[in-house]
Amino acid sequence: MPYDHQSIEKKWQEVWEKSQEGRVDDSGTDALYYLIMFPYPSGAGLHVGHVESYSAVDIVSRMERMRGKKVLFPIGYDAFGLPAENYAIKTGVHPAQTTQTAINTFRKQLKSIGLSFDWDREISTADPSYYKWTQWLFLLFYKNGLAYRAKSPVNWCTGCNTVLANEQVVDGVCERCKNEVIQKELEQWFFKITDYAERLLAGLDTVDWPEKIKAMQRNWIGKSVGATVDFQLDGRDDKVTVFTTRPDTLYGATYMVLAPEHALVEQIVTDDQRAEVEAYRVAAGKKSALERTELQKEKSGVFTGAYAINPVNDEKIPVWVADYVMVTYGTGAIMAVPAHDERDHEFAVKYDISIKEVVQAPEEVEGCFTGEGVAINSGILDGLSTVDAKAKMIEHLEQNGIGGAKTTYRIRDWLVSRQRYWGAPIPIIWCESCGPQAAPEEQLPVQLPDDVDFKPTGESPLVGSKTFHEVTCPACSAPARRESDTMDTFVDSSWYYLRYCDPHNDEAFAAREKLDHWCPVDLYVGGAEHAVMHLLYARFFSYALHDLGYVGYEEPFMKLRNQGLILGPDGDKMSKSKGNVVNPDEVVSQYGADAIRLYEMFLGPLEDAKPWDTKGVVGVRRFLEKVWKLQNKLGEAPVEGLETQLHKTIKKVTSDFEELRFNTAIAKLMELTNAMTATESVGRDQYKILVQLLAPLAPHLGEELWQVLGHEGSVFASTWPTYDESKTVDDVIRMAVQVNGKVRGSLMVAPDAAEDAVLTAARADENVAKHLEGKETVKVIYVAGRILNIVVK
RNA sequence: GGGCGGGUGGUGGAAUUGGUAGACACGCUAGCCUUAGGAGCUAGUGCCGCAAGGCGUGAGGGUUCGAGUCCCUCCUCGCCCACCA
């Protein structure tokens with residue numbers, strides 16, 4: 001009988017559908033929570049990248065179930081978002097409809113590759129029964145001071161016509177549509193993620209995540225330890241406060257810089273400098289974030305005409321305006337120490353400002369010295385090391401009431417409101433007399449209305465709905481209006497893994513037990529592109545929910561792994577425009593679901609980027625056929641010659657699966673299969689073990705062969721094979737014999753053979769003897785089971 | 001400029017963590033079988049060489065009986081962040 005993947009795969013998918021194979025209940029103590037980053041249900045359908053990460057987690061889920069664990073492995077859809085809304089603007093098709101169609105396609109495709117999700121827990125963030133809880137969480141944060149409204153300069157995407165979070169602006173353009181992002185002063189909703197900066201930083205040390213992702217988060221949080229210093233303005237009452245990480249260099253501050261947007265600029269600028277400063281500010285304001293970073297090579301600035309007093313030496317120093325100082329970081333003003341800061345140095349040289357050395361470098365250095373040394377020309381600090389000088393200066397600042405220790409973070413509060421339609425409405429009611437009011441809980445979910453015009457105007461499409469705003473103020477009962485903005489879709493995805501724990505419960509956060517039963521997530525697999533958005537936001541949610549008593553842990557994802565990109569056959573990133581996108585459906589129908597799973601796992605390490613090669617699919621397909629054919633030569637007795645290899649394979653496959661090293665596990669299974677193909681017959685029980693080891697990788701074939709072997713029920717209900725350590729050791733091994741480190745022969749010996757015996761045998765080897773002839777043996781290195789090296793001269 | 005990760009056959013990649021480099025697979029070559037569809041089987045396949053042998057993990061040094069693996073110096077590629085005071 002030939003290996004007919006189409007009928008086999010169809011057959012078992014129907015069986016699994018009926019048996020609800022991935023379904024798991026909330027009882028027991030052996031709970032594992034394995035999670036993949038849920039997909040955005042794009043109209044393009046499933047991508048080979050999805051297949052990669054989902055297969056990986058499916059494999060370990062299946063193995064752990066066979067090892068007796070209850071594994072929660074759920075699936076859902078990150079269904080709100082701009083693509084569906086943009087499509088609606090173009091075609092008039094409602095986003096709900098587009099999204100539903102896409103979800104249906106996804107579901108069908110996911111089922112076609114044999115993923116053992118718990119379909120009973122399937123969720124969609126665009127479903128009112130889901131976003132009801134997104135809104136409930138917003139209100140929870142609002143009532144606890146973690147959600148607030150504030151006017152501030154915000155990022156406005158000129159393409160999407162909405163504000164964006166800092167995390168969604170990349171190089172001055174929108175992360176999604178690549179259009180220019182400009183600054184606008186607007187009142188918006190924020191989440192107070194900055195309250196958690198320190199804990200989000202410290203928590204990274206407690207999780208098993210790729211170092212790269214941790215580094216990106218640390219960098220994004222951007223902790224700087226230093227001090228603030230107040231500079232009195234010369235001849236005025238006000239002062240300028242600066243932040244510095246080098247308070248030890250205060251004696252070397254020879255000028256100050258304010259960001260162009262700094263509020264004090266207008267007040268301190270002198271009349272004869274006013275025109276020039278104004279022109280500079282206007283020019284700076286026109287620059288997009290992109291231009292400002294592009295122009296970083298050449299610094300520019302304008303003198304304000306004002307002077308400040310250096311508080312430690314009473315020197316009068318000029319105050320400048322320059323756009324190399326950011327209004328959003330620190331205090332928006334700096335003290336410039338050109339001798340010990342490269343940017344200040346460049347600026348001072350260009351504008352001929354004095355440079356005063358205050359740190360003695362430990363050794364001769366070229367250019368400007370920014371390292372640590374000994375304080376000089378620094379009054380009370382002279383002779384102190386940089387570390388001691390910092391401490392002493394902070395003490396001095398505090399004693400004199402002109403500053404003190406200060407830690408700043410680069411991370412900003414998370415701007416969560418969006419002027420778009422296809423998202424969860426923010427459950428706030430605006431009353432003319434009472435201001436913003438939390439929508440009463442019984443009104444949740446605040447449903448998205450259908451009577452809207454999707455066309456973006458800069459205002460939320462919800463503004464124009466007639467039905468949506470028919471509400472009264474919860475406080476005074478006067479007619480009121482609903483908030484028209486919706487939430488950033490990253491709010492939806494910040495808590496979805498909690499919803500899986502209890503998807504049918506309408507009291508989702510009432511009982512903590514179910515959440516704590518499964519959470520935190522034991523293994524989370526997804527793309528690295530979420531390093532500073534989803535993964536940071538979700539951690540913030542988890543910490544906040546912990547503090548509010550809703551969950552019993554802080555970190556939500558204990559172990560994280562990023563799958564590498566699958567590149568096109570040309571080695572480039574797959575993209576529609578390049579025409580190098582591989583459609584998994586075609587591979588599934590031609591070679592089978594088991595083949596595509598196995599192929600993607602065999603390509604290389606999960607975390608590496610790997611080019612797709614359709615020819616390679618043929619290779620794994622041949623392997624599956626070989627396994628299939630073995631059923632024709634089963635014998636009852638185990639074949640002695642296969643036993644050691646069998647136990648070695650169990651050991652290797654088990655540990656490789658645990659470490660997500662599927663490529664080498666598959667190679668081992670191929671070796672075993674090749675060995676079985678070469679023997680006269682294969683023991684039935686030996687074949688059974690091969691089938692069990694292969695089953696998580698190729699579940700359809702696994703089930704089919706399990707049935708062929710005469711077993712009732714699913715192979716995944718069977719017990720994962722165990723190995724006998726003593727049987728993983730070969731009786732004899734081929735040991736290399738070296739003379740002066742070069743291999744000159746090899747011997748078949750027992751792994752624990754005595755040195756004398758091996759040495760004697762080695763000397764008897766013709767080629768070895770040839771290289772020993774006439775030489776004096778200086779030393780013999782013998783490592784049992786490894787190597788014999790005879791050193792001669 | 002900073003951070004992280006790489007550089008091994010024609011290709012994707014292995015290497016018991018200091019012990020025979022190239023497992024497994026693709027591709028390729030020859031033959032067989034069928035007879036032309038990217039099917040199957042057997043053998044071969046790191047490089048140079050008829051061979052003996054020599055050379056080989058980005059380059060160069062070092063440690064060691066022994067280095068892809070450890071230590072210096074350098075080259076190079078990828079990703080992320082970047083005027084962050």
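In what follows, every heavy atom counts, from backbone to side chain, and hydrogens, waters and symmetry copies are set aside. Naming convention: chains lettered A, B, ... in sequence-line order (proteins, then strands); numbering from 1 in each chain.
- Considering only heavy atoms from C-beta on, A/Val51 stays 4.5 Å or farther from A/Ile566 through its side chain.
- Among the heavy atoms of the strands lying under 4.0 Å from A/Val791 are primed sugar atoms or P, OP1, OP2 only; no base atom is included.
- Atom name P, nucleotides B/C55 and B/G66: the rounded distance is 15 Å, in whole Å.
- No engagement by A/Lys668 is indicated, since no non-hydrogen atom pair under 4.0 Å with the nucleic acid exists.
- Residue contacts shown for A/Thr244 are limited to sugar-phosphate atoms, with no base heavy atom under 4.0 Å away.
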Given A/Phe490 and A/Trp414, is the ring-ring contact (aromatic ring centres under 6.0 Å, His included) satisfied, shown in steps? CA-CA 10 Å; A/Phe490 279 112; A/Trp414 174 14; 7.4 Å; no
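- Here the side chain of A/Thr245 is nearest to one of B/A85, B/G19, B/G54, namely B/A85.
- Look at the C1' atom in both B/A52 and B/C48: the space between them is 14 Å, to the nearest Å.
- Comparing the same atom, C1', in B/G54 and in B/G7 gives a spacing of 26 Å after rounding to whole Å.
- Note: CG (A/Asp323) to C1' (B/C83) measures 9 Å, nearest angstrom.
- Nucleic acid contact class of A/Lys770 (heavy atoms, under 4.0 Å, all strands): sugar-phosphate only.
- Nearest to the side chain of A/Arg786, among B/C26, B/G40, B/G19, sits B/G19.
- By the 30° and 60° cut-offs, the orientation of the rings of A/His530 relative to A/His534 is perpendicular.
- One finds a side-chain N or O of A/Ser224 lying less than 4.0 angstrom from the OP1 or OP2 phosphate oxygen of B/A85.
- The NZ atom of A/Lys610 sits 15 Å away from the P atom of B/G7 (whole-angstrom rounding).
- Using a 4.0 Å heavy-atom criterion, one finds that A/Gln738 contacts the bases of the nucleic acid, with or without backbone contacts as well.
- Among the heavy atoms of the strands lying under 4.0 Å from A/Leu603 are primed sugar atoms or P, OP1, OP2 only; no base atom is included.
- Counting non-hydrogen atoms of neighbouring residues, nucleotides and ligands closer than 6.0 angstrom, the CG atom of A/Asp205 exceeds 12 such neighbours.
- Within the structure, every side-chain polar atom (N or O) of A/Asn219 is placed at least 4.0 Å from both OP1 and OP2 of B/C4.
- Between B/A25 and B/G19, the distance separating the two C1' atoms is 26 Å to the nearest Å.
- Between B/G27 and B/G38, the two P atoms lie 13 Å apart (nearest whole Å).
- If you check distances only, the side chain of A/Lys779 never reaches the base of B/C65 with a donor-acceptor pair under 3.5 Å.
- Look at B/G9: its glycosidic torsion is within 90° of 0, and that puts it in the syn range.
- For B/U76, the base adopts the anti conformation, since its glycosidic angle falls more than 90 degrees from zero.
- With sequence neighbours excluded, the residues that form a side-chain contact (heavy atoms from CB on, under 4.5 Å) with A/Val349 are A/His345, A/Ile355.
- B/U64 atom P lies 15 Å from atom CG of A/Asn789, rounded to whole Å.
- Between A/Arg622 and B/C26 there is a side-chain polar atom (N or O) within less than 4.0 angstrom of OP1 or OP2.
- Between A/Arg246 and A/Glu372, no side-chain nitrogen of the basic residue sits less than 4.0 Å from a carboxylate oxygen of the acidic one, so the salt-bridge criterion is not met.
- Straight-line distance from the CD1 atom of A/Ile221 to the P atom of B/C81: 15 Å, rounded to whole Å.
- Remark: C1' of B/G6 and NZ of A/Lys212 are 12 Å apart, rounded to the nearest angstrom.
- With rounding to whole Å, A/Glu755 atom CD is found 16 Å from B/C65 atom P.
- Distance A/Asp730 CG to B/U16 P: 17 Å, rounded to the nearest Å.
- Comparing the P positions of B/G44 and B/U8 gives an interatomic distance of 27 Å, to the nearest angstrom.
- A/Val319 has its side chain out of reach of A/Leu264: every pair of non-hydrogen atoms, C-beta onward, lies at least 4.5 Å apart.
- Residues A/Phe303 and A/Tyr255 form no side-chain contact, since every pair of their non-hydrogen atoms from C-beta on lies 4.5 Å or further apart.
- Comparing atom distances between the A/Phe602 side chain and each of B/A14, B/C24, B/C80 picks out B/C24 as nearest.
- Taking atom NZ of residue A/Lys214 and atom P of nucleotide B/G2, one finds them 23 Å apart after rounding to whole Å.
- Nucleic acid contact class of A/Arg412 (heavy atoms, under 4.0 Å, all strands): none.
- The aromatic rings of A/Phe662 and A/Phe657 sit tilted, their planes meeting at an angle between 30° and 60°.
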Can you give me the dot-bracket string for RNA chain B, 5' to 3', counting Watson-Crick and G-U wobble pairs with both distances under 3.5 Å, using [ ] for crossing pairs and | for partners on another strand? (((((((..(((......[....)))((((((.......))))))(((....)))..(((((..]....))))))))))))....
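- The closest side-chain heavy-atom distance from A/Pro605 to A/Arg661 is not below 4.5 Å.
- The side chain of A/Pro611 sits closest to B/G12 out of B/A85, B/U20, B/G12.
- Listed nucleotides B/A14, B/A25, B/C83 differ in distance to A/Lys299; the shortest reach to its side chain belongs to B/C83.
- Looking at heavy-atom distances under 4.0 Å, A/Ala609 makes contact with sugar-phosphate atoms alone, never a base.
- Among the heavy atoms of the strands lying under 4.0 Å from A/Asn674 are primed sugar atoms or P, OP1, OP2 only; no base atom is included.
- Close to B/C55, at under 4.0 Å from its OP1 or OP2, lies a side-chain N or O of A/Lys742.
- Note on A/Asp765 versus A/Arg744: no salt bridge recorded, every NZ/NE/NH1/NH2 to OD/OE distance being 4.0 Å or above.
- Nucleotides of RNA chain B nearest to A/Asn663 and A/Ile334 differ in position, and the one nearer the 5' end is that of A/Asn663.
- Comparing B/G62 with B/U17, their P atoms are spaced 28 Å from each other, to the whole Å.
- Between A/Ala215 and A/Phe243, the one whose closest nucleotide on RNA chain B sits nearer the 5' end is A/Ala215.
- Backbone-only engagement by A/Pro605 is indicated by non-hydrogen atom pairs under 4.0 Å involving sugar-phosphate atoms exclusively.
- Taking atom C1' on both nucleotides, B/U76 is separated from B/A23 by 28 Å, rounded to a whole Å.
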